[in-house]
Amino acid sequence: MTYFITTPIYYVNDAPHIGHAYTTIACDILSRYNKLKGDKTFFLTGTDEHGQKVEKAALSKKKDTQNFVDEMSQNFRDLIPFLGCQIDDFIRTTEERHKIATQFLWNKLKDNDQIYLSNYEGWYSIRDEAFYLESELTKTENGLIAPSGAPVEWVKEQSYFFKLSQWEDKLLEYYEKNPDSILPRSRYNEVLSFIRGGLKDLSISRTTFKWGVQVPDTENHVMYVWIDALCNYITALNYPNTDHDSFKTFWPGIHVVGKDILRFHAVYWPAFLMAAGLEPPKQIFAHGWWTNEGQKISKSVGNIINPYEIIDTYGLDQIRFFLFREVPFGNDGDFSKDAIAQRVNADLSNNYGNLIQRISSFIIKNSDSAVSKPQNYKEIDHQLLKSFDETLVNYIKNMNSFQIDKALKNIFDYLSEVNAYVDSQAPWSLKKTDDQRMKDVLYLVTLITIKISVILYPVIPSSIDKALKIYNLSIDNLNLNNIEHFSPDLINLNIPKPLFPRIDL
RNA sequence: GGCGGAGUAGCUCAGUUGGUCAGAGCGCACGGCUCAUAUUCGUGAUGUCGGGGGUUCAAAUCCCUCCUCCGCUACCA
C-alpha cells in the first residue's frame, strides 16, 4: 500500500497561524500513522506564491517580488520542524518544475478542447481575489464592498475559460460511485448538492497582473489561481512525467483542506484532472476552524493564535494532542487555556504519564530495574492483553477513517483499565507476599505501556521517543504489525522523568 | 427561499436496524490506597433525551408540527 497526503499550499500573504499548523499536524499524524502501518508514504506541503495580492504586497514593502516570496515561504518552511512534522517534499509555485507542470497541464486541457477565450466582467476584489455578483455587495460611504468587507472595482477583461459545465455528470457519477472520497459525509453532501445545482464555466486566466505562470502562447495572460495552485499536487510527483516512479506510486493522493477551500478541491480539481485524462484525488478531507476562547479569530479582533507562542507555553506534544483529542476531526473547535490544561492533565499527565512513572519507578526500586517475561499469565492478565487487542482494532479502524479523536479515546479508555488493573493487583502488597507474582504484574504492565506508546506515536512522537528510551527501545523497531505479538524476554529500565508535567490551572 | 445537519447530566459528547439506551469522559461529593507527576482506584448525585402531538405492546430512536442553532446554496430588494 502507498499513501500520498497533502496540505493545501499556503498563501504567502499571511504569517503562519494556528490554522496552518492544524492542517500540517493533521497530515503529519496521518502520515506517521500510515508509515507505522508499513505503507510507503509521501507527505507534501508548500506555498502558493502567485497572484495580485502578493505582487501588491511586495510593491508596498518596496521589495522585489521574488525576494518577498522567498522570505515569506521560508516562514512556512521553518514552522514545519517546530511542529514536529516530517515532510517528504516542500513545493513552491514559483519553482521551475511547477511552471513546467502547469503549462503542460494547460496545454493538455487546451488540446482536449477544454479551454476557450472569452470576456469576463464584473465586480472584482483584489484583496479576496474573487468576483462578486452585484447582489452580494453592500453599499458604504466608501463605495461598494464585498461580503468580506474588501473594496471592489468593476473589471472587464479578456479571460480564458475552462469548460467546467461539461463535467457535471461525470463528477456526479464519480462521486456517487465513491461516497467516501469526500469526508466528512456532511461535506460530501454539500459538494454533491452544489454540483447538482449546476456548474458554470470557470475563468482561469487574468491579464490584470503579471505575477503568475504565463499562459502558453499568449503575451499577457497569466494563470488564475486554481490551475496554478492545485497543480502543485502533481508537480511534486514529477508531472508531466506520468511514467515517473513517484507519480505511478503515489497518484491519486489524499488532500486535507480547510472547509473554506473544499469546493475548489472537490469540484474544480477533479474536473481539471479528468479533463486532462488523469485520475481524480483518492480522498479529500475537509476540516473545521478554531475559535479562540469562544471567539471567532480575525485580524481585526487581534486574537490570532501564533503557533510558536502556544507551543512555547504548553509544549509541542501537548498542543498536537489537544488539537486532535479535543475535537472530532472535521468539526470546528474552541482553543481555550482551560480546555488545554484539563485535557493534557487528565489524559497525558495523569492517565498515561503517571502510569509510566508509577510502574517504572517501582520496578527500579523493587525489581532491580528490570522485568522478565512471565512463565504464565493469570486469567485477569489475559483479559488485559485481549482488551489491548480490541483497542488496537478500534484504533486502526478509526485512524483509517480520519477519526483521530475516537482513536485517541480508545487508547485512553484502555489506559484507565490498565490503571485499574494495577490497583487491583497492587504490586506494593505483592512485594511482601509474592515476589514472583509482583514481577509478573510489573512485566505485563510495562509491556502494555510499550504497546500503547507505539500507537500514540503518530500524535505525540517526540514524547514517545522519550518514553521508549526508558525501556531502551526505539520506534524504529516497533510498528502496528509487530506490536500485537511483541513480548521480549527481558526489559531493562532507565530512571524515568515525568513526561508531561501538570499544567497549573 | 431551497437543501442538509444539530438540539441527551454543570461542560464536551456516545447512543447502529425502535425493546437493560438513559450512557461515557471531564468536573463535583464521599470513601479507599500510598507504587506514582497532590497522582490512582471505588462509590454517588443531577437529566420530563428542545416543545407539542401521533404511530406502537414498546421511542432519545419512526411520523407530523413548532422553536432554536449551524453549514451549504439561491434570490428579491
Side-chain angles (χ1 to χ4, degrees), chain A residues 132-139 147 182 184-200 258-263 266-267 286-289 291 294 296 315 318 322 325-328 330-336 338-367 371 394 397-398 403 405-406 408-432 438-439 441-442 445-446 449 463 467 470 493 495-505:
Chain A
Y132 291 100
L133 298 170
E134 189 145 354
S135 60
E136 291 178 280
L137 304 175
T138 314
K139 263 181 209 157
I182 301 170
R185 179 50 65 95
S186 54
R187 299 293 168 196
Y188 169 88
N189 292 336
E190 283 177 12
V191 169
L192 259 75
S193 94
F194 176 79
I195 298 172
R196 289 198 185 102
L199 300 176
K200 288 182 194 145
K259 61 186 182 181
D260 55 322
I261 52 172
L262 174 62
R263 187 198 302 172
V267 181
H287 70 240
W289 293 112
T291 51
K296 199 176 165 187
Q318 284 85 345
F322 173 76
R325 169 71 173 95
E326 185 72 4
V327 174
N331 288 11
D332 289 348
D334 182 44
F335 192 92
S336 88
D338 283 354
I340 295 171
Q342 212 167 77
R343 195 90 249 176
V344 168
N345 286 346
D347 288 349
L348 292 181
S349 305
N350 298 349
N351 202 348
Y352 172 70
N354 184 59
L355 176 66
I356 290 186
Q357 194 67 16
R358 69 194 298 210
I359 290 302
S360 54
S361 301
F362 196 91
I363 291 170
I364 283 166
K365 286 178 196 157
N366 301 296
S367 185
V371 280
N394 288 325
K397 187 189 78 191
N398 286 320
Q403 294 178 291
D405 59 300
K406 281 194 185 172
L408 288 171
K409 188 178 187 308
N410 295 146
I411 294 175
F412 285 87
D413 285 349
Y414 179 64
L415 277 166
S416 295
E417 208 178 313
V418 180
N419 270 312
Y421 169 89
V422 172
D423 271 54
S424 77
Q425 298 309 299
W428 48 91
S429 299
L430 292 169
K431 187 170 74 173
K432 300 163 198 158
M438 175 195 81
K439 286 181 173 168
V441 166
L442 294 174
V445 176
T446 300
T449 309
S463 300
I470 296 171
L493 280 77
I495 296 172
K497 266 183 287 191
L499 288 169
F500 303 100
R502 285 177 62 82
I503 298 170
D504 289 332
L505 281 163

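Residue numbers start from 1 in every chain, and the chains themselves are labelled A, B, ... in the order their sequence lines are given, proteins ahead of strands.
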Distance-only, no hydrogens or angles: does the Asn398(A) side chain make a donor-acceptor pair with backbone N or O of Asp405(A) under 3.5 Å? no
Interatomic distance, Leu355(A) CG vs rC33(B) P [rounded to whole Å]: 21 Å
Scan every strand shown for a Watson-Crick or G-U wobble partner of rA6(B), both distances under 3.5 Å, and answer none if you come up empty. rU68(B)
Taking the C1' atom of each, how far is rA60(B) from rU17(B), in whole Å? 16 Å
Looking at Arg187(A), I'd like to know whether one of its side-chain N or O atoms comes within less than 4.0 Å of OP1 or OP2 on rG71(B). no
P atoms of rU16(B) and rC63(B), separation to the nearest Å: 14 Å
Quick one: on RNA chain B, does Asp423(A) or Lys409(A) contact a more 5' nucleotide (nearest heavy atom)? Lys409(A)
Asn189(A) vs rC3(B): side-chain N/O to OP1/OP2 distance below 4.0 Å: no
Length of the line joining Arg196(A):CZ and rC72(B):C1', which is rounded to integer Å: 13 Å
For rU61(B), the Watson-Crick or wobble counterpart (both distances under 3.5 Å): none
The residue, Asp413(A) or Ser424(A), whose nearest nucleotide of RNA chain B is more 5′ is Asp413(A)
Distance between C1' atoms of rC57(B) and rC62(B) (Å, rounded): 16 Å
Test side chain to side chain contact (heavy atoms under 4.5 Å, CB included) on Asn366(A) and Trp428(A) and set out the steps. CA-CA 9 Å; Asn366(A) 301 296; Trp428(A) 48 91; over 6 Å; no
Which listed nucleotide (rA36(B), rG42(B), rA24(B)) is nearest to the side chain of Ala420(A)? rG42(B)
Describe the nucleic acid contact of Ser416(A) in one word from base, sugar-phosphate, nothing, applying a heavy-atom distance below 4.0 Å. sugar-phosphate
When we call it a touch if two heavy atoms are under 4.0 Å apart, what does Ser193(A) touch: a base, just sugar-phosphate, or nothing? nothing
Detail all sub-3.5 Å separations between protein N/O atoms and N/O atoms belonging to nucleotides 6-16 of chain B.
none

In whole angstroms, the gap separating C1' of rU39(B) from CG of Asn351(A) amounts to 11 Å
My understanding is that a pair needs two contacts under 3.5 Å, Watson-Crick or G-U wobble. By that rule, which nucleotide pairs with rU56(B)? none
Can you tell me, in whole Å, how much space there is between the C1' of rG23(B) and that of rC3(B)? 33 Å
Which part of the nucleic acid, if any, lies within reach of Leu499(A) when heavy atoms closer than 4.0 Å are counted: base, sugar-phosphate only, or nothing? base
Looking only at atom P, what distance separates rC64(B) and rU55(B), rounded to whole Å? 15 Å
What is the distance, rounded to the nearest whole Å, between atom CG of Asp347(A) and atom P of rC26(B)? 8 Å
If we only count heavy atoms from C-beta on, is the Pro496(A) to Ile364(A) side-chain gap below 4.5 Å? yes
Calculate, to the nearest 0.5 Å, the distance between atoms CG and OH belonging to Leu499(A) and Tyr352(A) respectively. 6.0 Å
Over how many whole Å does the gap from Trp428(A) atom CH2 to rU40(B) atom C1' extend? 8 Å
Looking at every heavy atom in both Thr446(A) and Leu442(A), which two are closest together, and how far apart are they? OG1-O, 2.7 Å
Interatomic distance at P, rC70(B) relative to rU61(B), whole Å: 24 Å
Counting Watson-Crick and G-U wobble pairs only, both distances under 3.5 Å, name the nucleotide matched with rG42(B), or none. rC30(B)
Rounded to whole angstrom units, what separation is found between the NZ atom of Lys431(A) and the P atom of rC33(B)? 16 Å
Base, sugar-phosphate, or nothing: which does Phe500(A) touch, judged by heavy atoms less than 4.0 Å apart? base
Which value, in whole Å, describes the distance between the P atoms of nucleotides rA59(B) and rG52(B)? 15 Å
How would you label the contact of Pro501(A) with the nucleic acid (heavy atoms, under 4.0 Å): base, sugar-phosphate, or nothing? base
Nucleotide nearest Arg358(A) (side chain, heavy atoms from C-beta), chosen from rU40(B), rC26(B), rU39(B): rU40(B)
Between Ile356(A) and Ile470(A), is any pair of side-chain heavy atoms under 4.5 Å apart? yes
Any strand: nucleotide that pairs with rU12(B) via Watson-Crick or wobble, under 3.5 Å: rA24(B)
Just checking Asn354(A): base, sugar-phosphate only, or nothing, at a heavy-atom cut-off of under 4.0 Å? base
To the nearest Å, give me how far apart CG (Asn345(A)) and P (rA38(B)) are. 11 Å
With rounding to the nearest 0.5 Å, note down the distance linking CD in Glu190(A) to CD1 in Ile195(A). 12.0 Å
Starting from C1' on rG27(B), measure out to CG on Asn350(A) and report it in whole angstrom. 13 Å
Report which part of the nucleic acid Lys365(A) touches: base, sugar-phosphate, or nothing (heavy-atom distance under 4.0 Å, all strands). sugar-phosphate
Test salt bridge (charged side-chain N to carboxylate O under 4.0 Å, His left out) on Asp423(A) and Arg358(A); report intermediate values, then the result. CA-CA 11 Å; Asp423(A) 271 54; Arg358(A) 69 194 298 210; 2.9 Å; yes
In the strands shown, is rC76(B) matched to any nucleotide by a Watson-Crick or G-U wobble pair with both distances under 3.5 Å, and which? none
Would you mind checking if Lys409(A) and Asp413(A) are paired as a salt bridge, meaning a charged N to carboxylate O distance below 4.0 Å? yes
Which part of the nucleic acid, if any, lies within reach of Gly353(A) when heavy atoms closer than 4.0 Å are counted: base, sugar-phosphate only, or nothing? base
For rU12(B) and rG27(B), measure between their C1' atoms and round to the nearest Å. 11 Å
Are any non-hydrogen side-chain atoms of Asn350(A) and Asn419(A) less than 4.5 angstrom apart? no
